[in-house]
Amino acid sequence: MRVLVWHVHGSWQTSFVAGPDEYLIPVVPDRGPDGRGRARTWTWPASAREVAPADLRDAEPDVVVLQRPHELELLERWTGLRAGVDVPAVYVEHNTPAGPAATTRHPLADRSDIPVAHVTAFNALMWDCGRAPTTVVDHGVHDPGPLWTGERERVAAVVNEPVRRGRVAGTDLLLHAAERVPVEVYGMGVLGLADLAPALAGHLHDDVPQAQMHARLAGARAYLHPFRWTSLGLALVEAMTIGMPVLALATTAAPEAVPPSAGVVSSDPDVLVSAARRWLHDPEEARAHGRAARAHALEHFGLDRFLSDWQVLLKEVVR
């Protein structure tokens, strides 16, 4: 199949384009949000090819994978095709509702011709999707191998744009932890944290390519997931896959994604800090949790299962 899909979430899309299809990735001259083209900090196969808006109609996509509401309008303006009418479509919902929990209507709630694929069962539970058919395709990630060594007595976190996203991303909780245990942070736009917590200066790693980030994360003793209200972070799943013991807030999908053997999940940030201190002084306990985390991630978030689920869904929609 020829699958038209915008580059929105690089980690998720890195797994998605590993499938057997041809992936048409819109690209605009300035590589802005509506046409980023191929990833620059992830490795994508040649089957994910860039296509300018003017060439999309001639590319004849078999199915469109939407990820943002305005892509419905973009598709029609760029190609003359209406999603769900002229070309089959699936809408991937990556996020928890931004409005009131449990009562926010999904943008596609009044349409029955475009199924909504949630990335977690929690998201499917919380969104009011109305008439839209819904399904859940859990995340899947590449296996970089059991990289964890934990030689650095630090706790690592991956948070994109932590200053702008604030409480939603748990930035205040991250800073709270950094006052009590050594912390290092990876992600886009993390350098601004130095103004909020001078102790983090020298331990902020901005926009590191994925493969390099995995290798760096593996040297930290543990992984911290401070997010209050977001979909299940792929960085958390990737940290488990490389064998890191994890500390996570008991919010959204994290309690299901992280079993007790893999780490500590709590709604009390001080419980997470206490566990971090214990692991910093007991690397063998950290190692045991990390092994369990990797085994769980490989079983539940493997790439083969993810790609198989997507093949079933795309073929159903096209048929």
Side-chain angles (χ1 to χ4, degrees), residues 11 94-97 101-102 118-126 136 138-141 146 148 150 154-160 162 165-187 217-218 220-302:
S11 291
H94 293 282
N95 301 310
T96 45
H118 295 279
V119 299
T120 69
F122 182 89
N123 287 9
L125 175 72
M126 299 307 290
V136 176
D138 289 315
H139 286 309
V141 300
W148 183 84
R154 305 193 74 86
V155 176
V158 177
V159 184
N160 288 327
R165 296 170 73 193
R167 284 178 57 84
V168 169
T171 302
D172 58 317
L173 304 179
L174 180 62
L175 298 179
H176 170 85
E179 292 174 353
R180 291 157 177 78
V181 294
V183 169
E184 58 191 47
V185 188
Y186 299 78
L217 283 174
R221 186 64 52 84
Y223 184 84
L224 173 63
H225 184 68
F227 293 81
R228 273 191 180 87
W229 187 248
T230 185
S231 191
L232 180 63
L234 270 171
L236 171 65
V237 176
E238 291 168 355
M240 293 171 66
T241 303
I242 65 177
M244 297 187 77
V246 295
L247 306 159
L249 281 184
T251 57
T252 63
E256 293 179 299
V258 182
S261 60
V264 176
V265 179
S266 175
S267 56
D268 184 345
D270 288 333
V271 170
L272 303 183
V273 169
S274 294
R277 285 175 172 155
R278 190 170 68 249
W279 292 348
L280 291 176
H281 290 94
D282 188 350
E284 288 310 309
E285 182 185 347
R287 184 183 305 278
H289 282 298
R291 285 173 175 162
R294 174 169 165 78
H296 181 79
L298 292 177
E299 180 180 356
H300 292 275
F301 300 105

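- With sequence neighbours excluded, the residues that form a side chain to side chain donor-acceptor pair (under 3.5 Å) with Thr120 are Asn123.
- For Arg278, the side chain to side chain donor-acceptor pair (under 3.5 Å) partners are Glu285, not counting sequence neighbours.
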(message) Checking His225 against Leu247 for the side chain to side chain contact (heavy atoms under 4.5 Å, CB included) test, could you report, in this order, the C-alpha distance in whole Å, the side-chain angles of both residues, the deciding distance, and whether it holds?
(response) CA-CA 6 Å; His225 184 68; Leu247 306 159; over 6 Å; no

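- Among all heavy-atom pairs drawn from Val155 and Ala276, the shortest one is CG2-CB, 3.9 Å.
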Which atom pairs, donor and acceptor, lie under 3.5 Å between side-chain atoms of residues 249-262 and protein residues at least two apart or in another chain?
residue: Thr251; atom: OG1; partner: Phe227; partner atom: O; Å: 3.0
residue: Thr251; atom: OG1; partner: Arg228; partner atom: O; Å: 3.2
residue: Thr252; atom: OG1; partner: Thr230; partner atom: O; Å: 3.0

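- Every side-chain contact (heavy atoms from CB on, under 4.5 Å) that Pro182 has, sequence neighbours left out, goes to Arg154, Leu280.
- Applying the side-chain contact (heavy atoms from CB on, under 4.5 Å) criterion to Asn95, with sequence neighbours excluded, gives Glu93.
- Contacts of Thr96 classified as side chain to side chain donor-acceptor pair (under 3.5 Å), with partners at least two apart in sequence or in another chain: Trp229.
- Closest approach of Ala220 to Met244, counting heavy atoms only: O-CE, 3.8 Å.
- Looking at residues two or more places apart in sequence or on another chain, you find a side-chain contact (heavy atoms from CB on, under 4.5 Å) between Val136 and His118, Ala124, Asp138.
- Contact record, Leu174 with Ala157: CD1-CB, 3.8 Å, taken as the closest heavy-atom pair.
- A search for side-chain contact (heavy atoms from CB on, under 4.5 Å) contacts involving Glu284 returns Asp282, Arg287, not counting sequence neighbours.
- Contact between Ser266 and Val271 at its shortest, heavy atoms only, is OG-CB, 3.6 Å.
- Proximity of a side-chain donor or acceptor of Arg294 to a complementary backbone N or O of Ile242 within less than 3.5 Å is not detected.
- Take Trp279 and apply the ring pair (Phe, Tyr, Trp, His ring centres under 6.0 Å) test, not counting sequence neighbours, and it matches His289.
- Residues Pro226 and Val159 come closest through the heavy atom pair CG-CG2, 4.2 Å.
- Every residue two or more places apart in sequence or in another chain that forms a ring pair (Phe, Tyr, Trp, His ring centres under 6.0 Å) with His300 is listed here: His296.
- Remark: Arg180 pairs with His176 by the side chain to side chain donor-acceptor pair (under 3.5 Å) rule, at least two apart or across chains.
- Residues satisfying the salt bridge (Lys or Arg N to Asp or Glu O under 4.0 Å) criterion with Arg221, sequence neighbours excluded, are absent altogether.
- Counting only distance, with no hydrogens or angles, the side chain of Thr241 and the backbone of Ala297 share no donor-acceptor pair below 3.5 Å.
- Annotation for Trp148 and Pro245: closest pair NE1-CD, 3.8 Å, computed over non-hydrogen atoms.
- One finds the OH atom of Tyr223 at 7.0 Å from the CG atom of Leu217 (value rounded to the nearest 0.5 Å).
- The closest side-chain heavy-atom distance from Leu234 to Val141 is below 4.5 Å.
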